[in-house]
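Chain letters run A, B, ... following the sequence lines, proteins first and then strands; every chain starts at 1.
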4 protein chains.
Amino acid sequence: MENGKKSLKEKKVETIRHILDAATEVFADAGFAGARIDKIAERAGVNKAMIYYRIGDKEALYTEVLHNVFGDAAERIARNIEQGQPPEEKLKNYVMNMASLLERHPYLPHIMMREMASGAHHLNEVIATDLSRILGVISGILDDGVKKGAFIRTDPLIVHMMVIGVMLLFRVSMPVREIFYTLLHDKGIKKSSFKDMVGEIEKLVLRALKV
Amino acid sequence: MENGKKSLKEKKVETIRHILDAATEVFADAGFAGARIDKIAERAGVNKAMIYYRIGDKEALYTEVLHNVFGDAAERIARNIEQGQPPEEKLKNYVMNMASLLERHPYLPHIMMREMASGAHHLNEVIATDLSRILGVISGILDDGVKKGAFIRTDPLIVHMMVIGVMLLFRVSMPVREIFYTLLHDKGIKKSSFKDMVGEIEKLVLRALKV
Amino acid sequence: MENGKKSLKEKKVETIRHILDAATEVFADAGFAGARIDKIAERAGVNKAMIYYRIGDKEALYTEVLHNVFGDAAERIARNIEQGQPPEEKLKNYVMNMASLLERHPYLPHIMMREMASGAHHLNEVIATDLSRILGVISGILDDGVKKGAFIRTDPLIVHMMVIGVMLLFRVSMPVREIFYTLLHDKGIKKSSFKDMVGEIEKLVLRALKV
Amino acid sequence: MENGKKSLKEKKVETIRHILDAATEVFADAGFAGARIDKIAERAGVNKAMIYYRIGDKEALYTEVLHNVFGDAAERIARNIEQGQPPEEKLKNYVMNMASLLERHPYLPHIMMREMASGAHHLNEVIATDLSRILGVISGILDDGVKKGAFIRTDPLIVHMMVIGVMLLFRVSMPVREIFYTLLHDKGIKKSSFKDMVGEIEKLVLRALKV
DNA sequence: AATGAATGAGGATTCATTCAT
DNA sequence: GATGAATGAATCCTCATTCAT
């Protein structure tokens with residue numbers, strides 16, 4: 001039950017959350033250079049100066065957004081690896097985790113793709129470390145599979161990029177796909193949901209890796 | 001006369017090429033909003049006003065760049081499908097074509113990723129048509145493979161996205177990978193060249209699709 | 001009870017003193033336009049709103065500072081004129097008083113110079129009256145000297161400006177002089193203390209005025 | 001005869017002059033922090049962006065102004081020392097030169113006083129060198145006078161500061177003096193022109209220094 | 001055909017000041 | 001009495017675009 005009375009600190013925390021949420025959306029939509037502080041402030045329902053008071057300049061705000069999104073992502077991934085399962089299960093798990101990560105952070109794909117396209121200048125070491133933990137996970141799974149005779153030996157980076165790449169593209173390409181579906185509906189290409197896609201990826205990746 | 005004497009028309013064409021080349025690099029580096037007309041002019045070795053004189057405003061310039069890059073890409077793809085080969089060969093061909101496309105257009109990945117992250121607002125119908133032709137090709141290959149009992153039935157869009165996704169990520173992530181390699185060299189992850197990666201993809205995709 | 005227990009009124013007075021001291025320093029350092037309320041609050045160890053609560057807006061704060069510095073100065077000067085001395089002694093006294101005034105108010109030179117450079121908009125009539133009392137003093141001394149046949153007739157304003165001018169410059173130019181000393185130490189120019197300078201001024205002014 | 005036709009380069013030079021003139025006035029009036037780029041642009045009759053296009057940011061503009069004013073001053077002083085005169089003449093010359101310098105640069109006093117009050121942060125080495133040349137001149141004159149038995153030995157820096165100090169104060173205090181004159185006209189203090197003052201200074205300084 | 005000069009419109013950032021508790 | 005939260009109004013600065021030659 002919202003009781004209407006908020007302490008000063010609660011209000012402050014809430015304000016910060018509003019700002020970061022708005023900033024995440026706007027940066028995802030428009031990129032760093034295209035984002036407008038005015039728009040972020042408006043969408044957050046705060047005065048423009050508030051952003052500087054609470055967070056700092058555009059750069060600081062962007063970094064904060066990146067850290068929020070990627071920090072949570074990395075933590076979540078690292079937590080979700082269950083030991084003692086057969087490699088196939090672990091791999092399915094990994095795909096599922098990646099998928100649910102993107103569902104939880106709908107703006108991650110946009111931000112990530114842009115970041116990489118920009119040379120990842122903002123993905124400084126802290127964030128790079130976060131990401132490297134994810135890579136460590138898939139690497140471990142594949143190694144385990146190879147040891148147990150379940151998987152062929154492959155480059156884990158490429159496997160990860162295939163999984164992540166198709167998911168990013170899928171999420172990010174929604175508006176383009178609308179056009180394609182219209183243009184291509186007579187060629188046997190039909191809409192698929194994110195869930196459909198995840199199932200398909202799981203299947204294809206397992207087929208590709210299994211001995 | 002090849003020797004230094006250029007006709008007016010040749011100079012004009014050359015100027016336009018300089019502008020478009022410079023614009024391609026700058027847009028790839030910085031995105032539409034982050035690109036600076038000043039920088040494009042400087043890199044092209046022309047006066048800023050020249051850009052407006054020859055091509056038009058920033059929007060027009062960007063569209064021109066997109067069309068140059070994607071138009072050539074689409075044309076090249078459509079040309080390279082050889083009939084009468086077995087589906088496996090066609091698929092290998094398709095992967096190779098995609099790969100050589102990216103080698104020929106080193107800025108395409110950056111631009112494409114950003115475009116999609118922005119909601120593909122600039123990929124208007126003309127360009128969408130270009131892309132849809134590519135999709136038609138892979139769709140045809142997969143259909144053929146299914147008909148001939150060589151491939152399992154899959155969603156061609158997902159297959160395409162996997163192939164394209166990993167390639168885009170690979171090209172675009174060069175700077176980030178440098179960090180990762182440093183962080184992860186003890187986890188059995190090692191540098192691979194674009195060629196290595198293409199071979200690996202070919203292998204994995206065929207394994208995933210073959211009955 | 002002197003020991004740590006302060007009455008509410010004492011705390012209030014102390015707070016005000018902290019604010020005014022901090023404000024004096026900051027205004028002296030940066031001038032009116034360059035001074036930052038934030039910085040004054042921080043240096044005073046109080047909350048920014050406190051300044052408005054206790055004193056008022058930036059303008060009021062500045063006026064208060066000016067009055068504090070100049071008010072005390074004028075009072076002190078007027079008090080220190082001893083009657084019945086020979087004019088030479090009175091003049092020495094006047095120079096000494098000016099000098100000790102500046103030692104007591106290290107920020108007065110900076111504030112005064114800036115105020116004059118700004119057209120003395122803040123030196124409103126109240127403060128102008130303060131200053132005019134000082135001028136009355138030197139004027140009286142010179143008149144007395146002329147009457148007694150000790151001094152030549154001169155413009156008291158110019159004498160005052162010479163004395164005050166060199167002292168202000170001396171105090172204010174400390175940082176620049178450091179550079180000059182380095183550049184000029186081979187031209188026979190060497191560091192002098194404020195005391196040295198005061199003695200020299202006394203000597204020169206007396207030589208200039210004595211019949 | 002203005003012929004109305006100006007070459008591009010002439011226009012450019014003129015624009016820069018307008019900007020620097022306006023900036024000099026505004027910085028003199030309001031100091032660095034108080035100066036408004038808008039006001040400078042308006043007073044120069046140019047668009048605000050022009051200032052950034054031609055000169056740079058506020059800091060650069062200020063430095064340019066300082067260099068213009070002080071650079072010319074230093075050069076003029078160094079040129080005007082005539083050799084072979086008796087020391088008294090040289091000293092008179094020096095006072096006259098200082099005076100005419102201030103008549104030529106009516107904003108120099110305001111800017112200089114503020115600069116010193118701010119700790120002379122912008123008077124970087126280049127400008128310090130300019131100023132030190134002036135000091136070298138007066139130093140030489142006094143030395144010469146001492147050698148020829150005409151002057152007592154004094155600290156040239158103090159002599160210089162007395163001369164410069166009273167002149168700066170005189171020029172800068174015009175608005176305040178108006179108040180004083182009103183308040184003090186019954187105490188025998190009357191308006192004097194800059195010329196009057198210069199004559200008086202010359203007299204006093206010579207009396208102070210002559211053996 | 002080509003370019004240096006110039007600017008309007010907008011965007012990031014700052015800062016004195018007020019408000020609510 | 002005291003202070004953290006919040007903001008309106010500048011203020012500096014940038015950049016795509018146009019103009020005049």
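Residue Y52(A) has no polar side-chain atom (N or O) positioned under 4.0 Å from OP1 or OP2 of dT14(E). Phosphate contact (OP1/OP2 of dA6(E), side-chain N/O of T15(D), threshold under 4.0 Å): present. N47(C) has no side-chain polar atom (N or O) that falls below the 4.0 Å cut-off from OP1 or OP2 of dA2(F).
Partners of H18(D) under the side-chain hydrogen bond (donor to acceptor under 3.5 Å, both in side chains) rule, at least two apart in sequence or in another chain, do not exist in this structure. For N47(A), the side-chain contact (heavy atoms from CB on, under 4.5 Å) test picks out A49(A), with sequence neighbours left out.
Sequence order on DNA chain E of the closest nucleotides to A49(C) and A49(D) puts A49(D) first from the 5' end.
Taking both residues in full, the closest heavy atoms of P109(A) and V172(A) are given as CB-CG2, 3.8 Å, listed atom of the first, atom of the second, then distance.
Of all nucleotides listed (dT14(F), dC15(E), dA6(F)), dA6(F) comes nearest to the side chain of K11(A).
In this structure, the separation between OH on Y107(D) and CG on D21(D) is 9.0 Å, given to the nearest 0.5 Å. For the atom pair I16(A) CD1 and I55(A) CD1, the distance stands at 5.5 Å (nearest 0.5 Å). The CD1 atom of I51(B) lies 12.5 Å from the CD atom of E64(B); values are rounded to the nearest 0.5 Å.
Straight-line distance from the CD1 atom of I51(B) to the C1' atom of dC15(F): 13 Å, rounded to whole Å. In this structure, Y62(A) atom OH and dA12(E) atom C1' are separated by 17 Å, rounded to whole Å. Atom CE in M50(C) sits about 15 Å away from atom P in dT18(E), given to the nearest Å.
Within residues 53-60 of chain B, the residues having any heavy atom closer than 4.0 Å to DNA chain F are, in order of number, D57(B), K58(B). For DNA chain F, the neighbouring residues in residues 32-46 of chain B, judged by any heavy atom under 4.0 Å, are A35(B), R36(B), I37(B).
Donor-acceptor pairing under 3.5 Å, judged by distance alone, is present between the side chain of K48(C) and the base of dT17(E).
Judged purely by atom type and a 3.5 angstrom limit, R54(A) has no side-chain atom pairing as donor or acceptor with the backbone of T15(A).
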Please list, one pair per line, the donor and acceptor atoms closer than 3.5 Å that link side chains of residues 24-38 of chain C to other protein atoms, with sequence neighbours excluded.
residue : atom : partner : partner atom : Å
T24(C)  : OG1  : L20(C)  : O            : 2.6
E25(C)  : OE1  : R43(C)  : NH1          : 2.8
R36(C)  : NH1  : A33(C)  : O            : 3.1
D38(C)  : OD1  : K48(C)  : NZ           : 3.4

Practice task
Could you provide the dot-bracket string of DNA chain E, using ( ) for intrastrand pairs, [ ] for crossing pairs and | for bases paired to another strand, with Watson-Crick or G-U pairs below 3.5 Å?
Solution key: .||||||||||||||||||||

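Between E14(B) and R17(B) the shortest side-chain heavy-atom distance does not fall below 4.5 Å. Residues E59(B) and Y62(B) are not in side-chain contact: their nearest non-hydrogen atoms beyond the backbone lie 4.5 Å or more apart.
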Practice task
Walk me through it: do F70(C) and L108(C) pass the test side chain to side chain contact (heavy atoms under 4.5 Å, CB included)?
Solution key: CA-CA 8 Å; F70(C) 287 103; L108(C) 188 149; 4.1 Å; yes

